[in-house]
Structure formats: C-alpha cells, structure tokens
There are 2 protein chains.
Amino acid sequence: MQNLTPLSAQFVAHFGEMGSRWGINRTVGQIYALIFVSEKPLNADEIADALEFSRSNVSIGLKELQSWRLVKLRHIAGDRREYFEAPQDVWEIFKNLAEERRRREIDPTLSMLRAAMLETPGNEADQYAQSRMKQMHELIELSSTWFDDVQRLSPETLARLMRMGSSVKTVLDMTDKLKSVGRRKAAGDE
Amino acid sequence: MQNLTPLSAQFVAHFGEMGSRWGINRTVGQIYALIFVSEKPLNADEIADALEFSRSNVSIGLKELQSWRLVKLRHIAGDRREYFEAPQDVWEIFKNLAEERRRREIDPTLSMLRAAMLETPGNEADQYAQSRMKQMHELIELSSTWFDDVQRLSPETLARLMRMGSSVKTVLDMTDKLKSVGRRKAAGDE
DNA sequence: TCGTATTTTCACAAATTATTGAAAATTAGA
DNA sequence: TCTAATTTTCAATAATTTGTGAAAATACGA
C-alpha cells in the first residue's frame with residue numbers, strides 16, 4: 001500500500017479481511033478504513049493510488065459506502081473532484097450503520113412475518129409453524145422498536161445507560177416499586 | 001419444495017433470499033428456516049428431501065448452523081440418525097446469535113485495535129489515525145461489555161427494559177438525582 | 001457551446017464460493 | 001470383528017461475485 005504507515009496499513013488490511021464477514025467486500029472495507037483514519041477528506045484518485053485499486057473499483061466502492069451512509073461526500077473550494085470523509089462522531093457512525101443494517105437485514109423479514117401472521121393455517125403443522133413465526137415476529141418487533149427508542153437518546157445518555165451495565169435491573173426494580181406505590185395511592189389495583 | 005405448505009414454503013424461501021445479507025448462504029438459510037418452523041426435530045435426509053438439496057450440501061449446511069449455535073443436535077431413541085432442532089426459546093436464539101456474531105465479527109477487530117493502541121505513532125498523520133482508532137476502540141469496548149452485562153439479565157428483565165424504550169432516560173435521571181442526594185448526605189463531592 | 005476533468009457504466013476476465021455425486025470414514029450393533 | 005447404516009470429505013463443476021480497462025456519460029468553466 002502506497003504511502004501508508006505500518007499503523008494505518010495494518011488497520012486497512014484488517015478491514016479488508018473482515019469485510020466479507022461484515023457483508024461488504026474486501027475493497028470496500030479497505031476504502032472505508034482508509035477514509036476513517038484520514039484527517040482530511042480524500043478523493044477517489046487518492047484512494048485508488050493509496051490502495052492500488054483501479055479507479056473504477058474505487059468508484060463502485062464509494063457508491064457502496066455512501067449507500068451504507070458510512071462516508072459523506074464533501075466538496076472542497078476550488079476543486080472539482082469529490083472528496084469523502086467519515087463522520088467525526090463515532091456514535092453517529094454506529095447509529096447510521098445500525099439503521100442501515102436494520103433497513104436491509106431486518107425490516108424485510110418483519111414484513112414477511114407480518115404477512116404470514118395474516119394467513120389461516122391449513123393444518124396442525126402449519127399452525128405450529130405460524131406460532132413459531134409469531135414468536136420470531138414478536139422478538140424482532142420488540143427489539144427493533146426498542147432500538148428506535150434508544151437511538152433517539154443523546155450519545156451522553158446512551159453512554160450512561162451502557163456504562164450502567166447489568167445494574168439497570170436494580171433501577172428497573174426500583175422504578176417498579178415506585179410505580180406500584182403511585183398506583184396504590186391513586187386508585188386500586190388493576 | 002417437497003411437502004411444504006405455502007406458509008412454510010414462503011418462510012423458507014425468504015430465509016434463503018436473506019441468507020446472503022446475513023452472512024450465511026441460501027442453502028443454510030433455508031435449512032435453518034425449515035428446522036425453525038418444524039415441530040419435531042429433523043434428520044438430514046428429511047431436510048434434503050424437503051428442500052431438494054443434495055445430502056452432502058445438507059451435511060455442510062448443518063455443520064455451519066451448528067457452528068453458529070443455531071441448531072441443536074438431538075438423538076432419538078431407537079434411531080441412529082442425527083436429528084436437529086432450533087431452541088424453543090427465541091431469546092435464547094437471539095443471544096446465541098449475538099454472541100456468535102460478536103465472537104466472529106467484533107472480537108478480532110477489538111484485538112487489532114488494542115494492539116494498535118500500543119504502537120507509538122511515527123508522525124502527525126499516524127497520531128491522528130491512532131486517535132481515530134482509539135475512538136473506535138472505546139465505542140466497541142463500551143457496547144460490547146454492555147452487551148455482556150445485558151445478556152446476563154433474565155429474558156423477563158430484558159423484555160421489561162426493552163418495553164421501557166426511551167423512557168429509560170427518565171429513570172436514569174431519577175437515579176442520578178437519588179445518587180447525588182446520597183453522596184451529599186454521606187460526604188462531599190468528588 | 002466546446003473542451004476537459006472527473007465520474008460512472010459495462011463487458012469481460014479472474015477469483016471466490018456453492019453444490020454435487022461418489023468415495024471414504026465413522027458409528028453402532030450383531 | 002464384521003456389516004450395514006449414516007455422515008463426512010473431496011475433487012469436479014456450476015454459479016456468483018469481484019475487479020479491471022476502456023468507453024460513455026456527466027459536470028463545469030471558458
């Protein structure tokens with residue numbers, strides 16, 4: 001790799017290797033890694049040059065990264081070329097990625113399952129199959145609306161929640177107790 | 001697909017199509033779907049038969065699913081063949097999957113980043129690159145220890161937490177207030 | 001509008017991954 | 001140990017995905 005320090009080269013190579021596990025390809029992984037660690041935005045030629053990929057390959061890779069919202073297009077005054085950079089805030093990156101994955105990997109399944117819920121099972125086996133699909137549907141629905149909610153929290157709140165770890169349970173229990181007291185004060189049990 | 005009701009056939013086909021997005025292949029996706037909606041455990045021949053795959057392909061697919069901990073091997077009395085089933089509890093499935101993904105898709109990156117943190121940056125660009133890697137490392141570390149913690153919660157507690165959605169913030173704030181009162185009572189500020 | 005810098009598309013070649021049938025290995029009883 | 005049922009491996013081929021260079025399209029300033 002042209003011009004890369006060992007530190008960056010290692011990072012780029014790792015992203016290349018992991019790319020396929022992450023559902024992007026080697027090239028795309030490397031391009032992203034390069035952009036991520038670069039202080040200033042890069043143009044396609046710089047990337048092709050640094051990674052020794054063909055210009056067209058870089059073009060396709062950048063399209064792919066844009067579709068994942070992993071890179072942002074930037075224009076630099078007095079330069080016609082398109083420059084790319086990764087968002088500064090890693091939380092933003094995380095959220096974009098999660099959203100995009102959800103859109104591609106989860107939502108289609110959710111609608112398939114919703115449709116399956118509406119069918120009338122034809123026999124005993126079908127009835128079981130549908131009940132399994134229902135369980136899956138509920139789990140996915142729950143976790144994805146939860147994700148929606150959490151996503152709306154500020155990075156600070158989110159980080160706070162995470163640092164809290166499993167002690168959320170204690171808080172949850174505490175809240176329950178308070179709520180039940182409130183309920184008892186206000187009216188009878190439901 | 002041999003013997004499958006339209007409902008199951010649709011489900012199986014969907015998992016086949018989504019497979020590649022999820023990092024497994026079409027065959028593996030379909031095999032899993034079939035096992036998931038089946039009331040009783042299935043053996044490899046039944047699967048090959050139902051999906052019209054070669055026996056060897058099914059064997060490879062089942063190995064793959066076992067490595068993901070998505071299917072469990074079961075033996076049936078008086079039958080030498082190996083039978084496979086999916087865990088009953090969808091939360092268990094979710095957790096297994098998440099754990100396995102983490103092991104394969106996140107942990108290797110975490111160690112690469114840890115190693116990168118130890119290097120001494122050679123120049124200004126390297127210094128920036130390392131700071132970016134540090135940001136990434138912190139984010140991943142935080143979310144994965146959080147995941148460890150949350151995973152230890154019972155399915156009920158977890159479901160409760162999720163249903164709570166964004167109102168966790170309120171609870172968090174409340175807790176902070178209580179804690180700060182406690183601190184003030186006990187000693188001075190830190 | 002033209003000319004040029006830049007990006008994108010596309011057909012093909014290369015590489016990788018999936019699938020198969022047959023052969024080999026394993027397993028459990030007789 | 002031998003036999004038969006069952007599972008796994010493997011080499012071949014098929015299918016899919018990735019990467020390239022050249023050509024086409026686009027965008028912008030003169």
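For clarity, every value in this text was computed on a predicted model and none was experimentally measured. Note that these values count all heavy atoms, side chains included, but never hydrogens, waters or copies made by symmetry. Reminder, nothing fancy here: chain letters follow the sequence lines and each chain counts from 1.
- Across the protein-nucleic acid pair, A:N57 atom CG and C:dA13 atom P stand 18 Å apart, rounded to whole Å.
- B:I60 has its CD1 atom 10 Å from the P atom of C:dA18, to the nearest Å.
- In this structure, CZ of B:R26 is placed 7 Å from P of D:dT16, rounded to the nearest angstrom.
- B:S20 comes within contact range of no nucleotide atom at all, as no heavy-atom separation falls under 4.0 Å.
- The phosphate of C:dT8 (OP1 or OP2) has no side-chain N or O of A:S56 nearer than 4.0 angstrom.
- The shortest distance between the side-chain N/O atoms of B:R55 and the OP1/OP2 oxygens of D:dT7 is below 4.0 Å.
- Atoms CZ (A:R81) and P (D:dA27) sit 18 Å apart, rounded to a whole Å.
- Between the side chain of B:Q130 and the backbone N or O of B:M117 there is at least one donor-acceptor pair closer than 3.5 Å.
- Heavy atoms of other residues, nucleotides or ligands lying less than 6.0 angstrom from CZ of A:R160 number more than 12.
- Inter-residue side-chain proximity for B:L4 and B:L34 is flagged as met; some heavy-atom pair is nearer than 4.5 Å.
- An OP1 or OP2 oxygen of C:dA15 is reached within less than 4.0 angstrom by no side-chain nitrogen or oxygen of A:N25.
- You'll find that the side chain of B:T27 is closest to C:dA18, out of C:dA18, C:dT8, D:dG19.
- B:E52 places its CD atom 15 Å from the C1' atom of C:dT19, with the value rounded to the nearest Å.
- For the pair B:R74 CZ and D:dT7 C1', the computed distance is 20 Å after rounding to whole Å.
- At whole-Å resolution of the value, CG in B:L73 and P in D:dT8 are 9 Å apart.
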Nucleotides 24-30 of chain C: protein proximity per nucleotide (B base, S sugar-phosphate only, - neither; heavy atom, under 4.0 Å): ---BB--
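- A sub-4.0 Å separation between OP1 or OP2 of C:dT8 and a side-chain N or O of A:S59 is present.
- Remark on DNA chain C: of its neighbouring residues B:S54 and A:D45, the 5'-side contact belongs to A:D45, judged by nearest-heavy-atom nucleotide.
- Distance CG (A:N43) to C1' (D:dA27): 16 Å, rounded to an integer number of Å.
- In this structure, B:S38 contributes its side chain and B:I35 its backbone to no donor-acceptor pair below 3.5 Å.
- Here B:D107 pairs with B:R102 under the salt bridge (Lys or Arg N to Asp or Glu O under 4.0 Å) rule; sequence neighbours left out.
- Atom-to-atom distance recorded for A:S111:OG and A:I106:CD1 is 12.0 Å, nearest 0.5 angstrom.
- No hydrogens or angles considered: a donor-acceptor pair under 3.5 Å links the side chains of A:S67 and A:R104.
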